[in-house]
2 protein chains.
Amino acid sequence: MKKSSTTESLILHAAERIFFLRGFDGARMQEIADEASINKALLHYYFRSKERLFDAVFEAAVSRLLPPVLSVLHLELPLREKITAFVEAYFTTVLENPFLPGFIVHELQRNPAHFRAVIAARRIDVLETLKMQLHEGAESGIWRRISAEQFMLNLFSLCAFPFVARQGMQALSGKNDHEYLLLLEERRTLISGWVLDMLRPETVNVK
Amino acid sequence: MKKSSTTESLILHAAERIFFLRGFDGARMQEIADEASINKALLHYYFRSKERLFDAVFEAAVSRLLPPVLSVLHLELPLREKITAFVEAYFTTVLENPFLPGFIVHELQRNPAHFRAVIAARRIDVLETLKMQLHEGAESGIWRRISAEQFMLNLFSLCAFPFVARQGMQALSGKNDHEYLLLLEERRTLISGWVLDMLRPETVNVK
DNA sequence: TTTTATTCTAACCATATAGTTAAACTTTAC
DNA sequence: GTAAAGTTTAACTATATGGTTAGAATAAAA
């Protein structure tokens with residue numbers, strides 16, 4: 001049973017490349033088979049159907065992105081460090097899988113229930129810890145009052161959107177792939193500062 | 001030739017609903033025909049092929065989003081007002097077409113050249129004016145030094161991502177449709193403040 | 001070595017889908 | 001009112017696609 005496991009992961013990796021690139025509807029089983037250099041029937045031998053193969057890929061994708069990224073939000077860390085840790089975790093993970101965010105975002109639209117199910121199954125609660133921490137910070141006057149939801153949206157937006165809309169941003173900015181990567185690396189060092197700026201208590205009339 | 005123009009826009013609207021929801025690959029010509037309550041052959045009579053019909057929808061979509069949103073960036077306005085105007089334009093447009101951002105983002109991934117072509121054809125240059133304005137602001141010490149690209153990314157990210165990843169954010173936050181809309185309306189009033197926070201010259205050790 | 005279970009393939013099937021055609025219906029022009 | 005042009009439809013075609021099957025090749029067990 002040595003061969004089976006390697007073939008299975010061979011298929012999974014090929015399917016991942018194709019599904020990441022084309023989404024569920026755009027992907028062809030034949031193309032996945034070709035990508036894996038195997039017969040199309042073998043796909044069905046290992047994963048009964050296109051749906052199941054896709055589910056496996058999606059599950060793996062979510063597993064690769066969410067845990068490393070969301071777990072830092074629960075750590076016992078000052079907000080400042082937590083933000084930096086989040087940004088680092090996000091960029092590290094996503095720079096290794098640049099199509100991941102777009103893939104997930106598209107599946108979010110295609111089949112919202114799918115993602116909900118995955119989230120529910122993992123009992124993920126991102127906001128719990130964050131809410132407390134932000135509340136405390138606001139009470140003690142260190143941070144501006146902001147809902148955990150808006151804070152999360154800001155953090156996610158600044159990190160994820162440049163990947164999700166990469167092609168569009170490149171088109172608008174005229175940057176080539178290399179230049180855009182530099183831009184992303186620069187962001188990696190800047191985002192946590194920006195997020196903290198948004199948290200700083202409002203200064204009175206900076207002019 | 002009265003009927004033709006109404007039928008054409010009837011088809012376009014139906015196609016828009018379906019393409020927005022399912023993307024090019026997920027959409028079926030039959031479903032579009034049903035949505036428009038017409039015969040499938042009529043789609044081909046008005047728009048030779050699925051590709052052409054999609055192109056028409058995409059062109060219309062880009063036309064609806066980009067001009068109102070990007071044009072404000074060229075106005076002779078102080079940065080502060082410009083940012084507010086941008087956010088207002090974005091939310092006004094997108095709240096009327098909630099699937100627009102996701103649709104464009106997906107097409108960006110599926111066929112990057114398509115968007116590039118549209119941008120090129122319109123000779124859009126978002127950064128030109130912005131660069132000067134940010135440079136002047138930085139020279140005079142009013143604003144922090146930041147590249148126009150990063151600034152644009154920040155602005156776009158904070159506005160667009162909550163729409164693009166709406167289903168995911170709702171899943172993570174547990175908000176229902178109505179609650180999420182409230183969150184978006186709240187953002188609409190907050191984003192320009194945040195963007196300005198990110199622009200404010202770095203204060204020395206706020207602790 | 002022989003038998004059995006597993007892994008893999010070529011050829012096939014059923015169906016869904018984009019696109020076509022020929023004819024009917026409707027509007028416009030005269 | 002009639003002919004021509006434009007619009008719409010039912011029925012059809014060709015093909016792409018997900019999935020199946022029967023059997024070959026390979027590995028494991030005896």
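In what follows, every chain begins at residue 1, and chains take the letters A, B, ... in the order their sequences are listed.
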Select from A/A41 and A/Y45 the residue whose nearest nucleotide in DNA chain C is closer to the 5' end of that strand.
-> A/Y45
Round to the nearest Å and state the distance from [X] atom [atom1] to [N] atom [atom2].
X     : N      : atom1 : atom2 : answer
A/M29 : C/dA16 : CE    : P     : 17 Å
A/L43 : C/dA10 : CG    : P     : 13 Å
A/E8  : C/dT6  : CD    : P     : 15 Å
B/Q30 : D/dT9  : CD    : C1'   : 12 Å
B/N39 : D/dG6  : CG    : P     : 20 Å
B/D25 : C/dA16 : CG    : P     : 19 Å
A/E31 : D/dT17 : CD    : P     : 9 Å
A/D34 : D/dT17 : CG    : C1'   : 13 Å

Which one, [options], comes nearest to the side chain of [X]?
X     : options               : answer
A/S49 : C/dA18, C/dT9, D/dG19 : D/dG19
B/Y46 : C/dG19, D/dT7, D/dG19 : D/dT7
B/I38 : D/dT9, C/dG19, D/dG19 : D/dT9

Please work out if A/A27 contacts a base, only the sugar-phosphate, or nothing of the nucleic acid, heavy-atom cut-off 4.0 Å.
-> sugar-phosphate
N or O in side chain of [X] less than 4.0 angstrom from [N] OP1/OP2:
X     : N      : value
A/T7  : C/dC8  : yes
A/R28 : D/dA16 : no
B/R48 : C/dG19 : no

Does a salt bridge link B/R200 with B/D197, judged by any charged N lying under 4.0 Å from a carboxylate O?
-> yes
Between the side chains of B/Q30 and B/D34, is a donor N or O closer than 3.5 angstrom to an acceptor N or O?
-> yes
Side-chain donor/acceptor of B/K50 to base of C/dG19, under 3.5 Å = no
Are A/F91 and A/F163 close enough that their ring centers fall under 6.0 Å?
-> yes
Taking every heavy atom of B/G174 against every heavy atom of B/E179, the minimum-distance pair comes out as O-OE1, 4.0 Å
Could you check whether the rings of B/F54 and B/H114 sit parallel, tilted or perpendicular, using 30° and 60° as the cut-offs?
-> tilted
